[in-house]
Amino acid sequence: MRATIIMLAGVALLAACDGTAENAGEIQDADNGEAVAVGAGPAERMGERVDRARESAEQAVDAQADAIRDRADLDAERLEAEADRLEERADAVRDEAKRAAEALKEQVAR
């Protein structure tokens, strides 16, 4: 419960923060004399859009990375299962070879 509260507080603080492009836009608006007492100036609004676009792109990359990791895990499981089957088959071939060698020894001994 305590960890959840801390995590929610952190998320709330991050949500209240402006992005780097939005902050730069706010400074640019102030330098251009377009600062707005309530709301945001044009550069700040554009910066906010840039920040949102960057965040969306980062989320898309993260989702793609997760999908690649999931695919790699599935491939690894499939390859491990195939390796196990091949090891069992090799054991069976070795056992058969031993039986054939024993049979040959018996024939030679006669």
Side-chain angles (χ1 to χ4, degrees):
M1 182 69 172
R2 185 177 191 183
T4 305
I5 292 171
I6 292 171
M7 187 173 58
L8 289 174
V11 170
L13 286 173
L14 285 175
C17 295
D18 292 340
T20 55
E22 186 176 357
N23 286 335
E26 186 175 2
I27 292 169
Q28 184 179 357
D29 285 339
D31 289 345
N32 294 338
E34 297 174 348
V36 179
V38 177
E44 185 177 359
R45 286 192 303 271
M46 181 57 74
E48 183 179 5
R49 290 182 190 111
V50 169
D51 288 336
R52 277 195 232 142
R54 183 183 308 124
E55 184 178 328
S56 293
E58 289 171 355
Q59 289 174 351
V61 168
D62 288 344
Q64 187 177 22
D66 289 343
I68 290 170
R69 277 190 289 274
D70 291 344
R71 174 63 189 221
D73 289 343
L74 290 173
D75 287 345
E77 288 175 13
R78 181 183 54 78
L79 291 171
E80 285 180 24
E82 185 176 343
D84 289 343
R85 282 192 302 276
L86 290 172
E87 286 178 18
E88 289 173 7
R89 189 170 156 199
D91 288 342
V93 168
R94 278 190 289 273
D95 291 343
E96 182 60 33
K98 285 179 185 177
R99 283 192 292 274
E102 290 297 322
L104 283 174
K105 281 182 185 177
E106 287 180 18
Q107 285 180 355
V108 170
R110 290 184 198 171

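Position 1 is the first residue of the sequence; numbering continues from there.
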N/O donor-acceptor pairs under 3.5 Å from side chains in residues 57-71, not counting sequence neighbours:
residue	atom	partner	partner atom	Å
Q59	NE2	E55	OE2	3.4
D66	OD1	R69	NH2	2.6
R71	NE	D75	OD1	3.3
R71	NE	D75	OD2	3.4

Checklist entry - Quick one: side chain to side chain donor-acceptor pair (under 3.5 Å) partners of R54, sequence neighbours excluded? => result T20, D51
Output a table of donor-acceptor pairs, distance under 3.5 Å, between side-chain atoms of residues 83-101 and any protein atom two or more places apart or on a different chain; print 'none' if there are none.
residue	atom	partner	partner atom	Å
D91	OD1	R94	NH2	2.4
E96	OE1	R99	NH2	3.0

